[in-house]
Amino acid sequence: MSATQRTAVRVVRDRTIRVKVIDDCGLACTFCHNEGTPVTADNKGRALLPFVAGPGKAGRVSIYSETNGVNFLSAKMAPDVFFRRAVRTVARAFNASEVHLTGGEPTLHTEVPSLVSALTGMGLSVGMTSNGERGRQVMPECSVAGLHRVNVSVFGTTAEELQAVQSKRFTSAGLAETKIRAAEQTIRAAVANGVKVSVNIVVPGMAHVDRVVNLVESYGQFADVRMLTSIQDGAESIAAISEVLVRVGAEPVLRTFTAGTSDERTLYRALGSRAVYVKRLLPVRLPETCASCRFNNDTDCEEGYYGVRLYLTDQGEYMVGVCIQRMDLCIPVAELSKSGIVEEVQAFKDAEVRRLTSQYGAAA
């Protein structure tokens with residue numbers, strides 16, 4: 001029996017929707033899935049499909065966009081009546097109580113505090129994933145607007161460490177150092193303004209173990225640290241995370257399943273009392289939608305069913321997606337009620353809550 005199997009287990013029902021509010025980003029991570037959509041800046045005006053996955057002029061990639069059937073570019077959302085109507089429709093349909101803002105990079109959105117305010121005004125809890133580019137500038141206003149949590153993606157403590165997971169765009173050590181400082185400032189600004197902070201670290205493989213250990217030692221002093229598997233690197237990523245856990249003397253405390261998604265995470269205590277989480281993706285599938293999918297096997301389906309995502313297309317239409325590897329499954333919000341996906345997802349969540357609580361004897 002493994003250490004994670006001996007720890008306490010908690011099962012929570014998925015009540016989150018991810019909302020891609022902007023496509024722009026100032027980093028160029030080599031493993032970026034960009035929420036399944038192409039890099040907008042590199043594909044504007046493109047008449048032929050498939051879209052360019054990158055890297056293009058922006059230096060960025062979207063690892064699935066040449067094979068996932070996506071047929072739209074992502075546009076920047078505005079905190080207007082159309083935004084509120086789309087979020088409210090999707091949140092009510094899936095019984096969601098939390099919205100998680102993604103991108104691109106949400107802090108580059110000039111109206112991100114207003115987006116947060118619009119969502120909290122609807123009674124929704126709001127989180128954000130950010131690499132911290134403008135976090136120091138916007139975090140005070142976001143806090144006032146009601147931002148609950150920010151997950152800051154940090155890729156290195158030195159220019160060399162950051163460059164190891166970036167495209168050639170980051171050949172400038174000065175640029176890399178600027179991005180590292182911005183992430184640090186975002187974390188400190190969030191803490192200072194009462195916003196909960198987690199530091200997200202994607203671990204591609206064994207070559208990154210030293211980098212990740214440095215990050216745990218550096219940031220674990222004042223924030224939770226979350227190690228994420230690289231969905232592109234699979235087993236090598238998992239092995240590297242295991243090595244990091246050994247290096248920092250981690251002991252498992254609590255294993256949490258988000259029922260109805262592929263998300264599973266384990267809380268460890270490391271280097272004394274520091275909180276380190278490991279997030280893993282389980283082979284979870286929707287029973288009908290995923291059954292006949294060409295990726296539905298042990299190697300090709302890399303994220304599993306992770307949850308519901310909301311997009312705005314460059315044609316001004318709000319879309320709902322259920323898989324970043326199958327963006328051809330996206331449907332307009334206006335057609336959600338007659339699509340059948342709501343009933344499938346809700347029934348699947350119910351079934352997963354029952355299965356997991358029965359299997360682990362944990363309270364949902």
Side-chain angles (χ1 to χ4, degrees), residues 16 18-22 24-35 60 98-109 112-113 115-116 125-159 161-166 170 175-204 208 211-230 241 244 263 265 267 270 274-279:
T16 301
R18 295 171 70 85
V19 179
K20 178 166 180 169
V21 296
I22 192 171
D24 298 345
C25 184
L27 288 181
C29 302
T30 56
F31 46 75
C32 183
H33 58 63
N34 202 32
E35 297 290 351
R60 296 168 56 201
E98 179 179 346
V99 169
H100 197 84
L101 305 182
T102 69
E105 171 47 42
T107 64
L108 292 179
H109 197 304
V112 67
L115 291 170
V116 174
S125 177
V126 184
M128 176 193 299
T129 291
S130 169
N131 61 45
E133 290 190 73
R134 292 189 67 253
R136 177 178 61 84
Q137 293 91 330
V138 305
M139 210 47 59
E141 286 185 75
C142 284
S143 175
V144 171
L147 182 66
H148 174 68
R149 171 180 290 276
V150 59
N151 300 331
V152 182
S153 299
V154 177
F155 305 107
T157 57
T158 67
E161 288 176 346
L162 177 58
Q163 288 169 314
V165 291
Q166 300 294 305
F170 280 78
L175 176 60
E177 288 167 357
T178 297
K179 300 297 185 180
I180 291 169
R181 286 196 300 273
E184 292 174 349
Q185 290 168 350
T186 294
I187 293 167
R188 295 184 184 278
V191 171
N193 286 277
V195 178
K196 293 183 179 180
V197 185
S198 291
V199 175
N200 282 0
I201 308 169
V202 177
V203 189
H208 298 271
R211 173 180 69 88
V212 177
V213 169
N214 288 341
L215 288 167
V216 171
E217 292 174 344
S218 300
Y219 288 103
Q221 304 173 58
F222 48 85
D224 293 346
V225 174
R226 298 198 310 175
M227 289 189 287
L228 283 63
T229 53
S230 170
I241 288 175
V244 173
D263 181 19
R265 62 195 65 192
L267 167 64
R274 297 179 189 181
V276 175
Y277 291 83
V278 174
K279 178 177 176 180

Closest contact, heavy atoms only, [X] versus [Y]:
X: Val225; Y: Ile201; value: CG1-CD1, 3.6 Å
X: Ser130; Y: Val150; value: CB-CG2, 4.1 Å
X: Cys142; Y: Val116; value: O-CG1, 4.1 Å
X: Asn131; Y: Cys25; value: ND2-SG, 3.4 Å
X: Phe155; Y: Arg211; value: O-NH1, 2.8 Å
X: Gly132; Y: Thr186; value: O-OG1, 2.8 Å

Could you measure the distance from the [atom1] atom of [X] to the [atom2] atom of [Y]? Nearest 0.5 Å is fine.
X: Asp24; Y: Thr107; atom1: CG; atom2: OG1; answer: 11.0 Å
X: Ser198; Y: Arg226; atom1: OG; atom2: CZ; answer: 5.0 Å
X: Met139; Y: Asn193; atom1: CE; atom2: CG; answer: 8.0 Å
X: Asp224; Y: Arg274; atom1: CG; atom2: CZ; answer: 12.5 Å
X: Leu101; Y: Asn151; atom1: CG; atom2: CG; answer: 11.0 Å
X: His148; Y: Met128; atom1: NE2; atom2: CE; answer: 13.0 Å

[Y] side chain reached by [X] side chain, heavy atoms, under 4.5 Å:
X: Val197; Y: Val152; value: yes
X: Val276; Y: Val216; value: yes
X: Ile187; Y: Val154; value: yes

Open item on the list: Is it the case that atom CD in Gln185 sees more than 12 heavy atoms from other parts of the structure closer than 6.0 Å?
Closed with: yes

Task: Neighbour count above 12 (heavy atom, 6.0 Å) for Arg265 CZ - done: yes

Ignoring hydrogens and angles, tell me if any N or O in the side chain of [X] forms a donor-acceptor pair with the backbone of [Y] under 3.5 Å.
X: Glu133; Y: Gly26; answer: yes
X: Arg136; Y: Arg188; answer: no
X: Lys20; Y: Asn34; answer: yes
X: His100; Y: Thr129; answer: yes

